[in-house]
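To start, the structure under review is shown below, and the notes come after it.
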Amino acid sequence: MTLDFLGTLQRTHLCGDLRSTHSGETITLMGWVNRRRDHGNLIFLDLRDRSGITQVVLDKEVSPDAHAKAEAARPEYVIAVTGVLRKRGEGLVNPNMPTGEVELVAHSLLLLNDAKTPPFSPAEDAIGNEEVRLKYRYIDLRRTEMQHNFALRSRVAMAIRNYLVSQGFLEIETPFMTRSTPEGARDYLVPSRVHPGHFYALPQSPQIFKQILMVSGFDRYFQIARCFRDEDLRADRQPEFTQIDLEISFPQMSTIFAVAEGFLRAAFSAAGIDLGTEPFIQMTYDQAITRYGIDKPDMRLPAIVDLSATLTPELRDTLKIDPTLPVLGFTIPSVGELSGTARKALLSEIRAFFGDSGLDLLDLTRLRTNETFAPLAEAISAKLSQELQAFHQASHNQQPTTNNPASDLAVVITPKPGTPALWNYDPQWIYKRVGALRLDLAKKFADKHKLFDQTHTAADFKFLWVTDFPMYEWNEETKTWDAAHHPFTSPHEEDIQSGALVNDKGSVRALAYDIVLNGTELGSGSIRIHRKDVQSEIFRSLGMTDEEAKARFGFFLDALEYGTPPHGGIALGLDRIVMILAGAQSLREVIAFPKTAKAIDLMVDAPTTVSDQQLRELSLRTVTRS
RNA sequence: GGGGACGUAGCUCAGUUGGUUAGAGCGCUGCCCUGUCACGGCAGAGGUCGCGGGUUCGAGCCCCGUCGUCCCCGCCA
């Protein structure tokens, strides 16, 4: 088979755009053969480009030459077809495709390129084997779903750019090759050839640069910035990822919230979702922990309820519940009535989840059958259903899927006597354990409560600001207080004035905030420290001597001394936003060339070893560790 | 670093208690077919059962190790 040259031929339309209004026009399409249906003297080719598919008809009587070439064509061959668009006759219309009312009657066909039989067909639905998909990513990306994901990503990014520019932001690029800062995530390092033994680091975020841009008077900066972190991966974590990074001079927290909400509305609107004008919900970190047991609450589910008040000391005693610790409960709606065996299995599953931590499940069903405890069971049920009603109202749920309270799964967790109030110096560990169970069970019963189902409306997306994060976190391993956010985050001004920075680090609140969507952290930011004296104080409070601080951040401390305005900002993960909008379960669905869980690029096969010559130039030697 | 799931034809998967020549669907190749659109019909090719070792008369199946993919914990200021 000989391939044809393109010559001067130009394409006139895209496959997916053709409608009956085009009928009679002479049209040239170019694209990939999606499918071929050979009926002998009549051949149908489904021709695909990024816009969609059009059926091409090759009739031996119309053009023997084109028909012969179509006979040789195979899936994924690249062809050019010129012909006349025809409205399909009665009974020949395909209502399942947008172009199903027309077909292109080919007069000539060029075979522009052939194709080996692909390992999987882009014409099929997604295949399960991600290894193969990633190795042949160029074929995978031809699939309609992937084409949609990246068109969506492009639209979303553009909407955000346009919005931020309209709000007076300047897009400024910051270096990829910069300085290693050993705190936080591990850095990817780049050896310097010119300076043997010295390394650049790829940025974990443009944090210090954007703060210096505020010192430089740019007032409002943004960047759709690639960031790099050498940590283990997850479905929602890749070693290189993209952040919408911004910084504002002279802001209040509300200024930053308004900007972030503004560009999210623009982004969602670009995806066909109208988020309305209501400001996003806000809650403090402490509220998030006590109400949801996590710092990134999934607001698609009912909250945790503190049931301590329903229990008298006597009841606690007879039921063997710790007298001082909270009793917590929550509801998973519409689970349906569980059979005796299913209930028992769930019980032991929950008890296994808690292990020997001291937490236990209170069996409401059994409680109810006992005369002494029936009133308690009633009181607990009443409190839980009160919360459930508030939840349905707040989330504007249409009728809950069932109205039968017995079908809602009530889970009540009690601490046994002697359960430690602190685990790993964390007074909130009980809330966090119960919060984790809440998410586990919600995932388990997702097909029952359907609260995670997509309706492709604003109701699918529950946004939330979490504010007032703690400034410090106790690190039991090193016996030190670490910065919970990063060391440039400003504490509340009252907490500086009260001296808590020195006396009571655990109580210091940071002017730091996260934005959360459906239980996923989309981004976080803070009001920064703009005074040298406060910044030095924070470094000292983190156990850094002035000399160490100077060695690591001297340039930054210097910059702070030359007229730094109050400033603050935020960074949101673009990949995660697009992932949620696309309804995808993994970032790999919205990153064109992602890495595997072991941080390998299966297509280009990276990382690799390099030649001795390259190592010599960099003054590097590799050693094998046992 | 730890836990779990998976690995059999190009793809999706089946494979009984360890027992003859490892199967199916899709895809692929050839021939036939003028209204299909997941076209159809006939014929055919295609396998180091992830890899290495062990147990056994005999291993896709049992045991040990190892590699890879996915999910989770740790980690991600």
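Throughout, a chain's letter reflects where its sequence line sits, starting with A, and its residues are numbered from 1. Computed from a predicted structure; not experimentally measured.
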Have a look at [X] and say if it touches a base, only the backbone sugar-phosphate, or nothing, with a 4.0 Å heavy-atom cut-off.
X        : value
A/Arg36  : nothing
A/Arg86  : base
A/Glu473 : nothing
A/Val132 : sugar-phosphate
A/Asn129 : sugar-phosphate
A/Gln55  : base
A/Pro118 : nothing
A/Pro119 : sugar-phosphate
A/Ala123 : nothing
A/Arg74  : sugar-phosphate

#### Entry: A/Phe469 ring center near A/Tyr513 ring center (under 6.0 Å)
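Not under 6.0 Å, so no.
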### Query
Which residue lies toward the 5' end of RNA chain B, A/Asn94 or A/Thr117, if each is placed at its nearest nucleotide?
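Looking at the nearest nucleotide for each, A/Thr117 comes out on the 5' side.
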### Query
For A/Pro75 and A/Val57, take the nucleotide of RNA chain B holding the closest heavy atom to each; which residue's nucleotide lies nearer the 5' end?
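Upstream on the strand: A/Pro75.
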When you compare [N] with [M], how far apart are their [atom1] atoms, in angstrom units rounded to a whole number?
N      : M      : atom1 : answer
B/rC33 : B/rA43 : C1'   : 15 Å
B/rC76 : B/rA5  : C1'   : 24 Å
B/rC70 : B/rC63 : P     : 26 Å
B/rU17 : B/rG58 : C1'   : 15 Å
B/rG47 : B/rA22 : C1'   : 8 Å
B/rG7  : B/rG60 : P     : 16 Å
B/rA59 : B/rG54 : P     : 12 Å
B/rA45 : B/rG30 : P     : 15 Å

### Query
Is the NZ or CZ atom of A/Arg433 both under 6.0 Å from the centre of the six-membered ring of A/Phe353 and within 45° of that ring's axis?
yes
### Task
Measure from the ring centre of A/Phe120 to the centre of the six-membered ring in the base of B/rC11, then say whether that distance is under 5.5 Å and the planes meet at under 30°.
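The ring of A/Phe120 is not stacked on B/rC11.
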### Query
Under the 5.5 Å and 30° test, is A/His39 stacked on the base of B/rU36?
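Answer is no, no stack.
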Between [atom2] of [N] and [atom1] of [X], the distance in whole Å:
X        : N      : atom1 : atom2 : answer
A/Asn41  : B/rU34 : CG    : P     : 5 Å
A/Arg133 : B/rG68 : CZ    : P     : 21 Å
A/Leu233 : B/rC73 : CG    : C1'   : 15 Å
A/Leu92  : B/rC39 : CG    : P     : 16 Å
A/Ile139 : B/rG27 : CD1   : P     : 17 Å
A/His67  : B/rU36 : NE2   : C1'   : 13 Å
A/Tyr136 : B/rC11 : OH    : C1'   : 12 Å
A/Asp295 : B/rC76 : CG    : P     : 13 Å

Measure from the side-chain heavy atoms of [X] and tell me the nearest of [options].
X        : options                : value
A/Arg88  : B/rC37, B/rC75, B/rG68 : B/rC37
A/Ser586 : B/rC76, B/rC71, B/rC70 : B/rC71
A/Ala185 : B/rG68, B/rU34, B/rC76 : B/rC76
A/Lys598 : B/rU34, B/rC76, B/rG68 : B/rG68
A/Arg237 : B/rG35, B/rG68, B/rG74 : B/rG74
A/Glu124 : B/rG1, B/rC72, B/rC26  : B/rC26

Is any side-chain heavy atom of [Y] closer than 4.5 Å to one of [X]?
X        : Y        : answer
A/Leu464 : A/Ile515 : no
A/Phe488 : A/Gln535 : yes
A/Leu437 : A/Phe354 : yes

Quick one: look up who [N] pairs with, Watson-Crick or G-U, both distances under 3.5 Å, and put none if it's unpaired.
N      : answer
B/rG7  : B/rC67
B/rA24 : B/rU12
B/rC62 : B/rG54
B/rG40 : B/rC32

Between [X] and [Y], does at least one N-O distance fall below 4.0 Å, as a salt bridge requires?
X        : Y        : answer
A/Arg142 : A/Glu76  : yes
A/Asp426 : A/Lys432 : yes
A/Glu240 : A/Arg229 : no
A/Lys296 : A/Asp514 : no

Pair of N/O donor and acceptor under 3.5 Å linking [N] base with [X] side chain:
X        : N      : value
A/Glu103 : B/rG35 : yes
A/Asp38  : B/rC33 : yes
A/Arg588 : B/rC70 : no
A/Arg234 : B/rG74 : yes
A/Arg229 : B/rC76 : no

### Query
For B/rC39, does either OP1 or OP2 sit under 4.0 Å from a side-chain N or O belonging to A/Arg37?
yes
### Query
Can you check side-chain hydrogen bond (donor to acceptor under 3.5 Å, both in side chains) on A/Ser51 and A/Asp17, steps first, answer last?
CA-CA 7 Å; A/Ser51 66; A/Asp17 294 344; 4.6 Å; no
### Query
Are A/Gln238 and A/Asp575 close enough that a side-chain donor and a side-chain acceptor fall under 3.5 Å?
no
Hey, what are the protein-to-nucleotides 41-51 of chain B N/O distances that come in under 3.5 Å?
none

### Message
Quick check on salt bridge (charged side-chain N to carboxylate O under 4.0 Å, His left out): which of A/Arg588, A/Lys135, A/Arg133 does A/Asp140 satisfy it with?
### Response
A/Arg133
